[in-house]
2 protein chains.
Amino acid sequence: MPESSGAELALLLLGGFRSMVDTVQQELAERGHGGVRPVHEFALRAIGAGADTASDLGRRLTVSKQAAAKTIAFLEANDYVRRESDPDDARRKRLRITPRGDELLTVGQALFNDVRAQWGQQIGIEELEMLEAQLAKLVDPGHPRLSIPGWLASELGESVS
Amino acid sequence: MPESSGAELALLLLGGFRSMVDTVQQELAERGHGGVRPVHEFALRAIGAGADTASDLGRRLTVSKQAAAKTIAFLEANDYVRRESDPDDARRKRLRITPRGDELLTVGQALFNDVRAQWGQQIGIEELEMLEAQLAKLVDPGHPRLSIPGWLASELGESVS
DNA sequence: GCAGATGGTTAACCAGGTTGTCTATCTGGG
DNA sequence: CCCAGATAGACAACCTGGTTAACCATCTGC
């Protein structure tokens, strides 16, 4: 069997993902957001989409609340979110995105879109859209756990505004 | 337009990769290769392709020789490779794939191809081939890092343990 | 023949996840 | 009204894959 091996396809997909993410990460670093990784941006997006406590964020990311807390710790330490106590429930620490956090989301989104636009130039926008459509057909039929689209696609669609 | 955000595309790529890899990994486990993860298979492939020492493997996977050594340790412990001393260079421990390792490669390849074939049925084989061709155009072939970043590696890990 | 490159090992550490345990705080049924 | 149980969060120990750094043994080239 010649060049079209399934393993190669897998590597292509991973390579594509990495390529996008690496580019965005690097540009982000050059814009004053060094150290930010995709996982942080995704978490921030989930917070923007309504996950206002650590436990809640954990649920949305299908990750333990402790893991979510660690991510939040990073976001707080870097002034992307603030944690303020909830007057209605003393157990909770409500999460609020800071202006800097908003800025990160905006810039991040724009950078991802830039990469995508770049790709569109390389292979043609229509081809790119077809690629997306077909990938969506293949990926969406949800794999059991956290095939990503489930927990993120909705949040990703909407801007944080 | 939420429809075509770059971030979403990135997630689609990741989702596609994960989807393939999860499937293969699961099938592998059912065929007596439990605990094997993509990184192991890729490493084994690299060894098969000529990486016959730990340092060499590290270079091919763009990973430190120490990291490569850890992977090799797993492969050796599970009887996928053997390490034998090199008569021509006492520093080296040459890597040789065992029959079981060969079997893993064969089965793994077949499983990946199965998934790919499945995808071909879902969206049409021609469409799939086009998708591959375009992806290949986009992914820098000179930068084919196989290495999986830590934050992703954990996602690829088995939660069974 | 020796300086320097190279292979391998070990150790300390990091990042992000996990589970388990503990406290404080809500909440609902008797 | 009160206590059992659920929930939020914090902390600790541990796992997995990576990273550097340091070190020894062994080649290699001038």
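Order of the sequence lines sets the chain letters (A, B, ...), proteins ahead of strands, with each chain counted from 1.
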B/R94 CZ - D/dT26 P separation (whole Å): 17 Å

Phosphate OP1/OP2 of D/dA8: any A/R59 side-chain N/O under 4.0 Å: yes

Within residues 68-93 of chain B, residues whose heavy atoms come under 4.0 Å of DNA chain C: B/R83, B/R91, B/R92, B/K93

B/E103: partners by side-chain hydrogen bond (donor to acceptor under 3.5 Å, both in side chains), with sequence neighbours left out: B/H33

Rounded distance in Å - CG (A/L57) to P (D/dA10): 13 Å

Minimum-distance nucleotide (side-chain atoms of B/S64 versus D/dA10, D/dT19, C/dG7): D/dT19

Would you list the atom pairs, donor with acceptor, under 3.5 Å between side chains in residues 63-72 of chain A and any protein atom, with sequence neighbours excluded?
unit_1	atom_1	unit_2	atom_2	d
A/S64	OG	A/A67	N	3.2
A/T71	OG1	A/A67	O	3.4

Out of C/dG8, D/dA10, D/dT19, whichever nucleotide has its closest atom nearest the side chain of A/K65: D/dA10

Residue list, side-chain hydrogen bond (donor to acceptor under 3.5 Å, both in side chains) with A/R94, at least two apart or on another chain: none

A/F112: ring-ring contact (aromatic ring centres under 6.0 Å, His included) partners, not counting sequence neighbours: none

Distance test, side-chain N/O of A/S55 to OP1/OP2 of D/dT7, below 4.0 Å: no

Heavy-atom check, side chain of A/D114 versus side chain of A/T23, under 4.5 Å: no

No-H, no-angle donor-acceptor pair, B/Q66 side chain to D/dG17 base, under 3.5 Å: no

side-chain hydrogen bond (donor to acceptor under 3.5 Å, both in side chains) against A/E127, all qualifying residues, sequence neighbours excluded: none

Qualifying residues under side-chain hydrogen bond (donor to acceptor under 3.5 Å, both in side chains), relative to B/E27, sequence neighbours excluded: B/R31

In residues 118-126 of chain A, what donor-acceptor pairs under 3.5 Å come from side-chain atoms, sequence neighbours left out?
none

Stem segments of DNA chain D by first residue number [Watson-Crick or G-U, under 3.5 Å, at least 3]: C:1-30 with D:1-30

